[in-house]
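No experiment lies behind these values; they were computed from the predicted model shown.
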Amino acid sequence: DDAGAHTSLANALLQKGSLREAMDHYEKAIAAPVPSIFALNNLAWILSTSPDAAYRNGPRAIILAQSAVQFSKGKVATFFRTLAAAQAESGHFTDGIETAERAQHLARGQNDVDLANEIARDVDLYRRNLPVRDPTATSTR
């Protein structure tokens with residue numbers, strides 16, 4: 001029932017390309033008595049950005065990402081980026097742009113220039129009504 005252990009295992013599985021198994025462990029981390037905020041975010045990212053449509057679920061990703069944003073008290077730019085990706089995956093591009101711009105503002109305020117630049121690329125996609133696709137959010141097995 002240790003959310004941190006499940007999250008760490010999921011992260012390792014994801015790096016090895018075992019996406020389905022990673023998602024299963026993120027699910028366990030979310031269901032733990034004290035859920036992992038990082039599992040919420042990471043699973044939402046996969047559900048939003050996987051190149052494989054079989055893994056995507058925009059509406060569920062929005063719920064998970066909103067929870068991560070809420071638990072972080074709105075202070076983590078990466079969680080807002082994930083929420084924006086989930087909104088775009090669900091076809092809510094205007095919301096995605098607004099949320100991504102908030103994420104970008106947070107990233108700049110935290111001097112995370114690389115993240116701010118990544119988010120700027122996301123916003124460009126949303127303005128063209130395109131969702132983000134993360135090639136690392138797919139299975140190699």
Side-chain angles (χ1 to χ4, degrees), residues 1-140:
D1 287 342
D2 185 274
H6 282 293
T7 301
S8 294
L9 182 55
N11 292 340
L13 288 164
L14 192 61
Q15 287 180 342
K16 289 185 161 260
S18 299
L19 186 61
R20 175 52 52 202
E21 293 87 352
M23 291 174 72
D24 290 343
H25 282 282
Y26 285 136
E27 292 284 4
K28 290 175 183 175
I30 290 167
V34 179
S36 166
I37 191 171
F38 299 104
L40 286 166
N41 182 73
N42 294 355
L43 183 56
W45 183 257
I46 292 167
L47 294 172
S48 301
T49 67
S50 177
D52 187 339
Y55 293 110
R56 292 195 306 268
N57 182 335
R60 177 136 191 265
I62 288 174
I63 292 166
L64 297 173
Q66 285 174 330
S67 294
V69 167
Q70 181 181 8
F71 288 137
S72 72
K73 298 181 179 11
K75 296 183 179 186
V76 180
T78 302
F79 296 169
F80 277 105
R81 181 187 186 207
T82 300
L83 177 56
Q87 291 166 328
E89 171 57 27
S90 296
H92 306 293
F93 294 102
T94 302
D95 292 339
I97 292 167
E98 182 178 306
T99 302
E101 287 175 343
R102 184 166 181 190
Q104 194 174 28
H105 177 76
L106 275 172
R108 285 185 185 136
Q110 297 165 350
N111 294 318
D112 193 338
V113 176
D114 292 336
L115 180 58
N117 289 337
E118 288 176 15
I119 296 167
R121 287 189 290 275
D122 297 348
V123 170
D124 181 57
L125 289 172
Y126 305 154
R127 287 193 172 122
R128 293 184 285 139
N129 292 331
L130 296 170
V132 170
R133 293 293 172 251
D134 180 358
T136 66
T138 190
S139 184
T140 59

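- Side chains of Val132 and Trp45 form a contact here, defined as non-hydrogen atoms less than 4.5 Å apart.
- If you take CD1 on Ile30 and CE on Met23, they are separated by 9.5 Å, rounding to the nearest 0.5 Å.
- To the nearest 0.5 Å, atoms CZ (Arg60) and OG (Ser90) are separated by 13.0 Å.
- Of the candidates Asn41, Asn11, Thr7, Asn11 is the only one forming a side chain to side chain donor-acceptor pair (under 3.5 Å) with Tyr26.
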Given Glu89 and Thr49, is the side-chain contact (heavy atoms from CB on, under 4.5 Å) satisfied, shown in steps? CA-CA 7 Å; Glu89 171 57 27; Thr49 67; over 6 Å; no
Step by step, work out the side-chain contact (heavy atoms from CB on, under 4.5 Å) result for Gln104 and Phe80. CA-CA 9 Å; Gln104 194 174 28; Phe80 277 105; over 6 Å; no
Walk me through it: do Asp124 and Arg128 pass the test salt bridge (charged side-chain N to carboxylate O under 4.0 Å, His left out)? CA-CA 7 Å; Asp124 181 57; Arg128 293 184 285 139; 3.1 Å; yes
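- The minimum heavy-atom distance between Ala61 and Ser48, with the atom names listed, is CB-OG, 3.2 Å.
- Aromatic ring orientation, Tyr126 versus Phe93: tilted (interplanar angle from 30° to 60°).
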Show your reasoning for whether side-chain contact (heavy atoms from CB on, under 4.5 Å) applies to Ile62 and His92. CA-CA 11 Å; Ile62 288 174; His92 306 293; 4.2 Å; yes
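- To the nearest 0.5 Å, atom CG of residue Asp2 and atom OG of residue Ser8 are 8.5 Å apart.
- In this structure the side chain of Lys28 never reaches within 4.5 angstrom of the side chain of Leu9, judged on heavy atoms.
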Evaluation steps, side-chain contact (heavy atoms from CB on, under 4.5 Å), between Phe79 and Leu106: CA-CA 11 Å; Phe79 296 169; Leu106 275 172; over 6 Å; no
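- Put simply, NE2 on His25 and CZ on Arg20 are 12.0 Å apart, with the number rounded to the nearest 0.5 Å.
- Across every non-hydrogen atom of Leu83 and Ala65, the tightest pair is CA-CB, 3.6 Å.
- Scanning both residues, Arg56 and Pro51, for their nearest heavy atoms gives NH1-O, 3.3 Å.
- The backbone N or O of Leu47 sits nowhere less than 3.5 Å from a side-chain atom of Ser50 that would complete a donor-acceptor pair.
- Between Leu14 and Ile46, some side-chain heavy-atom pair lies under the 4.5 Å cut-off.
- With values rounded to the nearest 0.5 angstrom, Leu130 atom CG is found 11.5 Å from Asp122 atom CG.
- The two residues Gln110 and Lys75 come nearest to each other via the heavy atoms NE2-O, 3.0 Å.
- Looking at Thr82, Thr94, Asp95, Thr99 one by one, the single match for side chain to side chain donor-acceptor pair (under 3.5 Å) with Gln87 turns out to be Thr99.
- Heavy atoms from other residues, nucleotides or ligands lying under 6.0 Å from CD of Glu101 number more than 12.
- Smallest separation of non-hydrogen atoms from Ala100 and Ala84: N-CB, 3.6 Å.
- Residue Leu40 holds its CG atom at 11.5 Å from CD of Gln66, rounded to the nearest 0.5 Å.
- Ala116 and Ala107 make their closest contact through N-CB, 3.9 Å (heavy atoms, listed as atom of the first residue, atom of the second, distance).
- Summarising the local packing, CZ of Arg133 is surrounded by more than 12 heavy atoms from other residues, nucleotides or ligands at distances under 6.0 Å.
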